[in-house]
Amino acid sequence: MNGQKLGRKEKAILEYLKQHPDGVWKEDVIREFSWAKRYDSIVHKRLERMVKKGLIQIRAEINPSSGKTKQRVYLKQ
């Protein structure tokens with residue numbers, strides 16, 4: 001982890017992603033860690049910071065159930 005300081009919520013997100021090695025839809029991660037709709041943007045920014053730190057990866061993929069392109073979050077390792 002390159003000696004980076006991680007917050008409590010960042011650690012919780014990493015643990016959540018460890019339980020889902022095939023990745024998770026970004027909206028599901030936000031739904032899991034956001035307690036209110038107006039808090040969603042904070043979780044989104046947290047995910048973006050985690051990408052910059054090199055902890056996770058976010059890729060655009062096609063959701064097989066809807067056929068639409070969505071973002072999927074993966075633990076980077």
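Positions are given from 1 along the sequence. It should be emphasised that the depicted structure is a prediction, and the values quoted were computed from it without experimental measurement. Both backbone and side-chain heavy atoms feed into the values below; hydrogens, waters and symmetry mates do not.
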Problem - 4.5 Å side-chain heavy-atom contact, Val51 and Gln57 - result: no
Practice task
Check Thr69 against Ala60 and note the closest heavy-atom contact, atom names and distance.
Solution key: CG2-CB, 3.9 Å
Listed pairs under 3.5 Å, donor-acceptor, residues 38-45 side chains, sequence neighbours left out:
{"from": "Asp40", "atom 1": "OD1", "to": "Ser34", "atom 2": "OG", "distance (Å)": "2.5"}
{"from": "His44", "atom 1": "ND1", "to": "Lys26", "atom 2": "NZ", "distance (Å)": "2.9"}

Handout entry: Residue pair Asp28 / His20, side-chain heavy-atom distance below 4.5 Å
Key = no
Handout entry: Atom pair CG (Leu47) and CD (Gln71), whose distance is rounded to the nearest 0.5 Å
Key = 9.5 Å
Handout entry: Results of salt bridge (charged side-chain N to carboxylate O under 4.0 Å, His left out) for Lys70 - residues two or more places apart only
Key = Glu27
Completion exercise
Interatomic distance, CZ@Arg72 vs CD@Glu61, rounded to 0.5 Å, equals 6.0 Å
Problem - Note, Ile13 side chain near Glu10 side chain (heavy atom, < 4.5 Å) - result: no
Completion exercise
To the nearest 0.5 Å, atom CE of Met50 lies from atom CD1 of Ile58 at 9.0 Å
Practice task
Could you check Lys18 against Leu75 for side-chain contact (heavy atoms from CB on, under 4.5 Å), going step by step and ending with a plain yes or no?
Solution key: CA-CA 7 Å; Lys18 284 179 186 174; Leu75 188 60; 3.4 Å; yes
Exercise for the section: Identify, with sequence neighbours excluded, every residue that meets ring pair (Phe, Tyr, Trp, His ring centres under 6.0 Å) alongside Tyr74. Expected result: none
Problem - 4.5 Å side-chain heavy-atom contact, Leu55 and Lys76 - result: no
Handout entry: Closest non-hydrogen atom pair between Leu17 and Ile56, with its separation
Key = CD1-CG2, 3.5 Å
Exercise for the section: Check whether any side-chain heavy atom of Asn63 sits under 4.5 Å from a side-chain heavy atom of Trp25, and report yes or no. Expected result: yes
